[in-house]
Amino acid sequence: ELVARATPDGDTLATVTTCTHAVAPLLLAKPRFDAQRDFTPISIVGNAPYLLLAPASFPGRTLREGIDWLRSQSGKLNYASSGTGTLGHLITEAMLGGLKVKMTHVPVKGAGPVYPELMADRVTLFFDNPGASTALVRAGKVRALAVSRPLPALPDVPTLIAAGLKGVDPVFWYGVVGPAGLPAGVVERIRAELVRGLGSASGRGDLAGFGVAPELSTPAEFAAQTRAAIARWGRVARALALRQARTATAT
């Protein structure tokens, strides 16, 4: 909101995500900014796949191996998300719809508190980014059933597409924007710095530490990806009748 109202001179920028620009605006009764109208897209800077996690006791090493069991337990199990209307919530509902499985949604404030519930078998499925979960998977405390895109840190985890789920390939992207009306010369200068930073070993390493793969785009490509994400997750949000009665934030 602060950036949307700032002077378009390049001194005030924001790092935005799939949630701030594609999910939250769909859910808020009175959004304080328009994700497409109020900003100048500069570049996407990185993306992180989503891991589908389960307790270590899950009856199957992968999602494909566990589909029959999940269907046999339809209506009896819980899944967690880091909050109603978060991307993890929408992803799980899209996946369950494809699998023809019903589960009870357990929204939790933030991802951190979900892990004790997962490890204690109180919830069965949870989508999260790999930055928070890879160490737990390697330690055998939780099981990674599938990943939205191949993940070098966990090369043996199959993709959701390999489990037969087409169209459920979420990616959590990060991008940099400025206020609407940012001059083209300023946009190019900032983007050149992003190219330089992400071209360095330290820049790539900083992102890798958070489980984020560097990715650069043109402003036009960034705008197109935002439009596509709004359309895609908008369909899921409408199917779930998700719209909050008061202003809130989805993360």
Side-chain angles (χ1 to χ4, degrees), residues 16-27 46-55 58 62-64 66-67 70-71 74 77-115 117-118 123-134 137 142-151 154 157-174 210-213 225-226 228-244 249-251:
V16 299
T17 69
T18 310
C19 285
T20 63
H21 267 45
V23 177
L26 299 168
L27 306 174
N47 66 74
Y50 266 80
L51 275 174
L52 177 61
L53 303 162
F58 185 84
T62 67
L63 176 61
R64 180 177 282 280
I67 286 175
L70 287 172
R71 287 174 175 158
S74 184
L77 304 172
N78 300 324
Y79 79 86
S81 79
S82 55
T84 299
T86 57
L87 188 56
H89 177 203
L90 301 185
I91 294 167
T92 310
E93 287 291 343
M95 179 191 72
L96 293 175
L99 293 176
K100 305 292 191 293
V101 173
K102 292 184 178 180
M103 297 179 72
T104 299
H105 177 214
V106 180
V108 181
K109 280 192 174 183
V114 174
Y115 286 96
E117 302 299 306
L118 195 68
V123 296
T124 302
L125 298 176
F126 175 51
F127 270 107
D128 198 13
N129 65 64
S133 52
T134 300
V137 172
V142 298
R143 183 168 297 168
L145 301 180
V147 65
S148 58
R149 291 188 181 180
L151 184 62
L154 296 171
V157 179
T159 63
L160 289 165
I161 292 175
L165 284 167
K166 296 181 180 179
V168 185
D169 55 347
V171 172
F172 191 87
W173 45 256
Y174 299 82
F210 292 100
V212 178
Q225 188 154 325
T226 300
I230 289 172
R232 177 182 188 181
W233 298 116
R235 289 191 293 270
V236 179
R238 287 190 293 273
L240 295 172
L242 282 175
R243 179 165 285 278
Q244 299 171 0
T249 301
T251 55

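Because only heavy atoms are used, hydrogens play no part in the values below, and waters and symmetry mates are left out as well, while side chains stay in.
Rounding to the nearest 0.5 Å places OG1 of Thr86 at 11.5 Å from CZ of Phe127. Once rounded to the nearest 0.5 Å, the distance linking CG of Leu160 with CE of Met95 reads 7.5 Å. Note that CG of Leu63 is 7.0 Å distant from CG of Leu70, once rounded to the nearest 0.5 Å. If you take CG on Asn47 and CG on Asn129, they are separated by 11.5 Å, rounding to the nearest 0.5 Å. To the nearest 0.5 Å, the span separating CG on Leu87 from OG1 on Thr92 amounts to 9.0 Å.
The backbone N or O of Trp173 lies less than 3.5 Å from a partner atom in the side chain of Thr18, making a donor-acceptor pair. Checked by atom type and distance alone, the side chain of Arg71 never pairs as donor or acceptor with a backbone atom of Lys100 at under 3.5 Å. Panel note: side chain Ser148, backbone Tyr50; a donor-acceptor pair is recorded below 3.5 Å.
Closest approach of Ile230 to Ala22, counting heavy atoms only: CG1-CA, 3.7 Å. In plain terms, the two heavy atoms of Ala111 and Phe126 that are nearest each other are CB-CZ, 3.9 Å. Ser74 and Lys102 get closest at one heavy-atom pair: OG-N, 2.9 Å. Shown here for Leu51 and Ala144, the closest heavy-atom pair between the two residues is CD2-CB, 4.0 Å. Of all heavy-atom pairs spanning Leu53 and Asp128, the tightest one is CD1-CB, 4.1 Å. Here the closest heavy-atom approach between residue Ile67 and residue Ala163 is recorded as CD1-O, 3.7 Å.
Remark: Ser133 pairs with no residue by the side-chain hydrogen bond (donor to acceptor under 3.5 Å, both in side chains) rule, at least two apart or across chains.
By the 4.5 Å heavy-atom criterion applied to side chains, Glu117 and Val106 are not counted as neighbours. Contact annotation: the side chain of Leu165 approaches that of Leu99 to within less than 4.5 Å [non-hydrogen atoms, C-beta and beyond]. When side chains are defined from C-beta on, Thr62 does not count as touching Leu145, because their heavy atoms never get closer than 4.5 Å.
Ring orientation note: the planes of Tyr79 and His105 are close to parallel, at an angle under 30° on the 30°/60° scale.
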Intermediate values then yes/no, side-chain contact (heavy atoms from CB on, under 4.5 Å), Leu151 and Val157: CA-CA 8 Å; Leu151 184 62; Val157 179; over 6 Å; no
